[in-house]
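Taking it in order: structure first as structure tokens, then the write-up.
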Amino acid sequence: MAEPKENVLMEKIVSLCKRRGFVFQSSEIYGGINGFWDYGPLGAELKRNVKELWWTSMTRMRDDVVGLEATIIMAPQIWKASGHVDTFSDPMCDCLYSNKRFRADQIEPQSGTAYYYAGARDAAAGRQVDDVFAVLLPPGKPVQSARNLATQFYNKRGVTAVELLGERAEAVENSTRFNPDNGSLLTEPRPFNLMLQTYVGPIQSSENVAYLRPETAQAIFAQFKNVHETSRQKVPFGIGQVGKAFRNEVTPRNFTFRSREFEQMELEFFIKPDEAVEAIHGAVAVPTVPGHPGEPQPNWGWQMWHRYWVEERVRFYESIGLSRETLGFHIQTTEELAHYARATTDILFKFPFSKRDAAGNVVGDELEGIAARSDFDLSQHERFSGKSMGVFDEDLRTGWGKLEDAKKASLSKRYYDARLNYLMRVGVDAAKAQVDAKEDAEGLAKGQYIPHVIEPSAGVDRLILALIANAFTEITDPDDKGKSETRVMMRFHPRVAPIKVAILPLLKNKPELVSKARSIFEALRPLMNAYFDEAGSIGRRYARQDEAGTPFCVTVDFDTLGEKPELLNTVTLRHRDDGRQERLAIDQLIPWLMERVRCV
RNA sequence: GCGAGCGUAGCUCAGCCUGGUAGAGCGUCACCUUGCCAAGGUGAAUGUCGAGGGUUCGAAUCCCUUCGCUCGCUCCA
């Protein structure tokens with residue numbers, strides 16, 4: 001049930017986004033385009049900050065992650081290998097009577113007698129429609145109920161006094177052409193392709209169809225070999241990427257939350273298969289207590305790595321102002337998981353439009369999913385490209401040599417089973433699958449394996465929306481005349497705030513104040529996004545900055561110029577959230593601010 | 001794609017039923033004023049009333065089509 005109050009809040013947020021220049025509708029002057037959004041001046045800064053923070057904390061601050069920037073259009077075979085060509089194009093049917101939509105492959109087969117109608121006529125009104133309609137009746141049901149449904153169908157098409165035309169009965173066995181709920185005929189199955197398509201080269205033909213990537217991850221898998229060989233990284237290590245992705249969503253909804261063009265921040269973190277970890281270390285460490293498992297250890301298996309990345313990502317959200325209380329978690333059930341995934345934990349944010357569960361709690365909507373994807377992706381690319389995606393692991397070869405024969409046999413068997421399971425599921429012929437799985441198991445004994453992967457995949461635009469919703473605060477207090485006024489404050493964490501500091505001369509008509517403030521502004525602007533404002537009363541300017549979410553304001557007054565000699569070259573530093581003021585020397589300003597706004 | 005609601009200034013909205021000069025508040029800009037939390041004064045700009053078509057002497061208003069937004073259905077690797 002949609003809470004009206006929450007819709008109002010969402011409307012206020014959307015309105016503020018436009019008014020202050022966070023988010024605009026794309027192509028607005030031409031009436032807009034569904035599912036596409038632009039970032040205005042403040043939004044662009046906010047988004048840059050978020051991506052910069054992710055990149056810095058995920059790649060530059062880590063020894064074990066490197067970056068990649070791949071193209072949006074890639075060889076179409078990539079999307080065959082990844083499964084997107086198949087899974088993104090389910091055929092759909094609509095019920096002609098109720099317009100309810102079905103996935104063609106999920107309709108229960110029905111049997112009975114189908115009554116077809118060629119159309120309907122209203123002789124008195126001189127109207128006739130020739131739309132074909134049909135109703136499937138289970139055995140024994142009178143034909144009149146089919147006629148009733150057909151009459152209603154033609155009523156909806158503007159025929160009032162319905163005279164049914166061309167009734168024809170036909171026995172039907174196990175048909176999926178009819179709505180199981182009401183027997184109405186369905187439309188022909190129509191393919192739904194959720195990938196945006198284009199053509200590479202000037203001639204538009206089926207041979208040069210290409211897709212705008214529906215996720216950034218596949219480029220990482222496709223370039224895994226190159227990165228591994230050139231970066232001097234050894235498994236476990238990760239490859240991160242930030243970039244645009246595109247999906248032809250059926251229904252873009254909830255402001256920027258589900259857009260057709262969006263940006264992702266994805267990490268593919270490659271790890272050893274558990275069999276290799278066990279061969280090297282004797283045993284695989286698994287999570288035993290809740291919470292962050294600490295610094296990565298060589299004996300971690302996929303479960304520890306998965307837990308580690310979930311907790312790392314939560315820490316990231318906390319570091320930019322999204323507390324654990326504003327987040328939610330969803331651990332995907334076995335039914336929800338893709339067949340190759342071992343576990344997926346979604347990190348949710350409680351948006352104003354988020355639904356409540358049966359118990360009345362706000363669940364939240366997905367910001368990021370952390371998936372343990374086994375070795376599925378690299379294996380698929382190995383099969384489709386014919387290029388080996390395996391790595392050689394010196395530690396594994398050494399470790400394997402020291403194992404007792406029984407241990408070797410049991411690890412080999414487990415690895416063989418896992419590989420066979422994968423090969424069979426993707427449809428490899430049983431005999432060939434057994435041969436290949438045996439080869440893989442022999443490879444393991446020589447130190448070879450295809451890395452497994454943990455994938456933390458976050459949506460930038462969703463995170464921006466979460467930060468905006470989280471920051472949005474209405475403050476109501478009485479003005480001088482006692483009339484209560486409501487103003488908006490955006491409580492962004494200083495690290496993500498679009499404007500870090502505003503420099504304000506106390507009065508505009510005193511040139512010495514203005515020029516002093518201007519010189520402070522010029523000193524700050526190369527280091528951070530600073531803003532200079534001399535227009536209007538000081539209170540009004542503070543309020544303007546509150547609405548933009550600027551965490552700090554610096555005011556230059558007569559004491560700055562030495563009216564009180566002991567305060568020469570000091571400024572007022574005003575805090576957004578509580579209005580607190582403190583006096584700070586100008587030469588302290590840069591270190592003081594940098595401490596608070598720097599990335600990490 | 002279906003159903004319902006909505007679309008008027010940068011924002012929030014009135015006007016539409018009952019056709020007749022396009023409005024208010026807030027914000028923005030300029031000038032004056034200004035001594036730390038949306039102060040005051042004066043003045044100004046801003047609209048093809050979402051778009052296209054129709055009815056009419058005349059359409060923001062009535063009718064049709066279309067685009068966009070919101071909600072529900074559907075979809076969500």
Side-chain angles (χ1 to χ4, degrees), chain A residues 1-4 7-8 10-12 14-21 24-36 40 79 82-90 92-103 156 187 190 192 194-195 214-215 217-218 245 247-255 257-258 336-341 344 353 365-366 369 371 373 457 475 477 479-481 483 485-489 504-510 513 534-547 553-559 563 571-576 578-581:
Chain A
M1 188 176 68
E3 298 282 328
N7 291 337
V8 169
M10 204 53 216
E11 278 166 27
K12 284 177 176 172
V14 172
S15 159
L16 175 104
C17 280
K18 173 154 196 208
R19 177 156 46 86
R20 291 309 309 241
F24 304 126
Q25 191 178 16
S26 169
S27 319
E28 194 192 69
I29 60 167
Y30 291 102
I33 173 165
N34 200 347
F36 296 87
W79 308 112
S82 69
H84 286 85
V85 170
D86 298 326
T87 58
F88 264 47
S89 55
D90 301 318
M92 308 287 294
C93 306
D94 295 330
C95 171
L96 285 171
Y97 178 75
S98 67
N99 290 317
K100 197 175 166 181
R101 175 159 293 168
F102 296 88
R103 266 179 66 170
K156 284 198 213 170
T187 59
R190 287 174 293 195
F192 261 54
L194 297 191
M195 280 196 288
E215 61 172 34
Q218 292 305 322
R247 289 179 198 182
N248 237 335
E249 295 289 353
V250 178
T251 313
R253 273 293 154 85
N254 289 327
F255 197 30
F257 184 81
R258 179 174 296 151
E336 291 173 309
L337 284 174
H339 66 81
Y340 49 79
T344 297
F353 52 76
D365 287 278
E366 187 185 341
R373 296 174 62 92
S457 166
I475 295 170
D477 42 23
D479 64 7
D480 322 342
K481 296 163 204 134
K483 198 175 70 175
E485 282 189 333
T486 301
R487 59 204 175 86
V488 173
M489 181 186 284
L504 316 170
L506 184 59
L507 298 173
K508 185 186 180 181
N509 63 346
K510 298 286 189 289
L513 289 180
E534 57 179 13
S537 75
I538 190 69
R540 182 193 222 55
R541 281 178 279 164
Y542 285 152
R544 274 203 281 256
Q545 294 306 316
D546 287 347
E547 206 176 43
C553 287
V554 164
T555 304
V556 172
D557 60 16
F558 295 96
D559 291 333
E563 195 168 277
V571 290
T572 300
L573 195 134
R574 181 258 189 189
H575 296 255
R576 174 195 62 205
D578 52 12
R580 187 161 50 90
Q581 297 194 347

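Values below: all heavy atoms of this structure, side chains included; hydrogens, waters and symmetry mates excluded. Proteins come first, then strands; the chains are lettered A, B, ... in the order of their sequence lines, and each starts at number 1.
Within 4.0 Å (heavy atoms only), A:Ser15 reaches sugar-phosphate atoms of the nucleic acid but no base atom. Residue-level contact check: A:Gly35 touches the backbone only, with heavy atoms under 4.0 Å from sugar-phosphate atoms and none from bases. If you check every strand for non-hydrogen atoms under 4.0 Å, A:Lys510 touches nothing. A:Glu563 comes within 4.0 angstrom of a nucleotide base, judged by non-hydrogen atoms across all strands. Contact annotation for A:Gln25: backbone-only contact, meaning every heavy-atom pair under 4.0 Å involves sugar-phosphate atoms and none involves a base. Among the protein residues, A:Asp546 comes within range of no part of the nucleic acid, since none of its heavy atoms lies under 4.0 Å from any strand.
With hydrogens and angles ignored, a donor-acceptor pair under 3.5 angstrom links the side chain of A:Arg574 to the base of B:rC37. Between the side chain of A:Asp557 and the base of B:rC36, at least one donor-acceptor pair of N or O atoms lies under 3.5 Å. One cannot find a donor-acceptor pair under 3.5 Å joining the base of B:rG27 and the side-chain atoms of A:Glu547.
Within the model, atoms CG of A:Leu507 and CZ of A:Phe558 stand 5.0 Å from one another, a figure rounded to the nearest 0.5 Å. Atom CD of residue A:Gln25 and atom CG of residue A:Asn34 lie 8.0 Å apart, to the nearest 0.5 angstrom. Taking CZ from A:Arg580 and CG from A:Leu573, the interatomic distance works out to 9.0 Å, rounded to the nearest 0.5 Å. Here A:Asn254 contributes atom CG and A:Asp365 contributes atom CG; the two are 7.0 Å apart, rounded to the nearest 0.5 Å. The OG1 atom of A:Thr572 sits 8.0 Å away from the CG atom of A:Asp559 when rounded to the nearest 0.5 Å. Atom CD of A:Glu534 and atom CG of A:Asn509 lie 10.5 Å apart (nearest 0.5 Å).
In this model, the phosphate group of B:rU28 is approached by a side-chain N or O of A:Arg540 to a distance below 4.0 Å at OP1 or OP2. In this structure, A:Lys18 does not reach the B:rU12 phosphate: none of its side-chain N or O atoms is under 4.0 Å from OP1 or OP2. The phosphate of B:rU34 (OP1 or OP2) has no side-chain N or O of A:Ser537 nearer than 4.0 angstrom. Between A:Asn34 and B:rC67 there is no side-chain polar atom (N or O) within less than 4.0 angstrom of OP1 or OP2. For A:Arg544 and B:rU28, the shortest distance from a side-chain N or O to OP1 or OP2 is below 4.0 Å. In this model, the phosphate group of B:rC26 is not approached by any side-chain N or O of A:Arg487 to a distance below 4.0 Å at OP1 or OP2.
In this structure, B:rC11 forms a base pair with B:rG25, meeting either the Watson-Crick or the G-U wobble geometry with both donor-acceptor distances under 3.5 Å. Pairing of B:rU18, defined by two Watson-Crick or G-U wobble distances under 3.5 Å, is not identified with any nucleotide. With a cut-off of 3.5 Å on both pairing distances, B:rU61 has no Watson-Crick or G-U wobble partner at all. Pair assignment for B:rU42 gives B:rA30, based on Watson-Crick or G-U wobble hydrogen-bonding distances that are each under 3.5 Å. Base-pair partner of B:rC37: not found among the strands shown (Watson-Crick or G-U wobble, both distances under 3.5 Å). With both pairing distances under 3.5 Å, B:rG1 is matched to B:rC73 as a Watson-Crick or G-U wobble pair. Remark: B:rC6 base-pairs with B:rG68. Criterion, Watson-Crick or G-U wobble with two distances under 3.5 Å.
B:rC17 and B:rU74 have their C1' atoms separated by 36 Å, with the value rounded to a whole Å. The separation of B:rA59 from B:rU55, taken at their P atoms, amounts to 11 Å, rounded to a whole angstrom. Rounded to whole Å, the C1' atom of B:rU33 lies 34 Å from the corresponding atom of B:rA22. For the C1' atom pair drawn from B:rC49 and B:rA44, the interatomic distance equals 23 Å after rounding to whole Å. With both ends at atom P, the span from B:rG27 to B:rC67 equals 38 Å, rounded to whole Å. Taking the C1' atoms as reference points, B:rG7 lies 15 Å from B:rA14, given to the whole Å. For the P atom pair drawn from B:rA39 and B:rG52, the interatomic distance equals 41 Å after rounding to whole Å. Spacing between B:rU48 and B:rU42 at atom P, rounded to whole Å, works out to 30 Å.
Spacing between atom CG of A:Leu506 and atom C1' of B:rU33 amounts to 14 Å, rounded to whole angstrom units. In this structure, A:Arg541 places its CZ atom 13 Å from C1' of B:rA39, rounding to the nearest Å. Atom-to-atom, CD of A:Glu11 to C1' of B:rC69 comes out at 10 Å; the value is rounded to the nearest Å. Between the P atom of B:rA38 and the CZ atom of A:Arg19 lies a distance of 17 Å, rounded to the nearest Å. Separating the CG atom of A:Leu16 from the C1' atom of B:rG27 is a distance of 13 Å, rounded to the nearest angstrom. With rounding to whole Å, A:Asp559 atom CG is found 15 Å from B:rG35 atom P. Between the CZ atom of A:Phe36 and the P atom of B:rC69 there is a distance of 11 Å, given to the nearest Å. Here the C1' atom of nucleotide B:rC37 and the CD atom of A:Gln581 are 8 Å apart, to the nearest Å.
With RNA chain B read from its 5' end, the first of the two nearest nucleotides for A:Ile538 and A:Ala535 is the one closest to A:Ala535. Comparing A:Asn254 and A:Gly579 against RNA chain B, the residue whose closest nucleotide sits nearer the 5' end is A:Gly579.
Under a 4.0 Å N-O distance rule, the pair A:Arg574/A:Asp546 qualifies as a salt bridge.
Under a 3.5 Å cut-off, the side chain of A:Arg541 and the backbone N or O of A:Gly536 do form a donor-acceptor pair. Proximity of a side-chain donor or acceptor of A:Arg20 to a complementary backbone N or O of A:Arg544 within less than 3.5 Å is detected.
Checking B:rC36, B:rA38, B:rG35 against every side-chain atom of A:Phe558, the shortest atom distance belongs to B:rG35. Between B:rC36, B:rU34, B:rA38, one nucleotide has an atom nearer to the side chain of A:Lys508 than all others, and that is B:rU34.
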Scoring nucleotides 41-49 of chain B by protein non-hydrogen atoms under 4.0 Å (B base, S sugar-phosphate only, - none) yields ---------
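Within the 4.5 Å cutoff, no side-chain heavy atoms of A:Gln545 are placed close to those of A:Arg576. Side-chain contact check for A:Phe257 versus A:Phe353: some heavy-atom pair is nearer than 4.5 Å.
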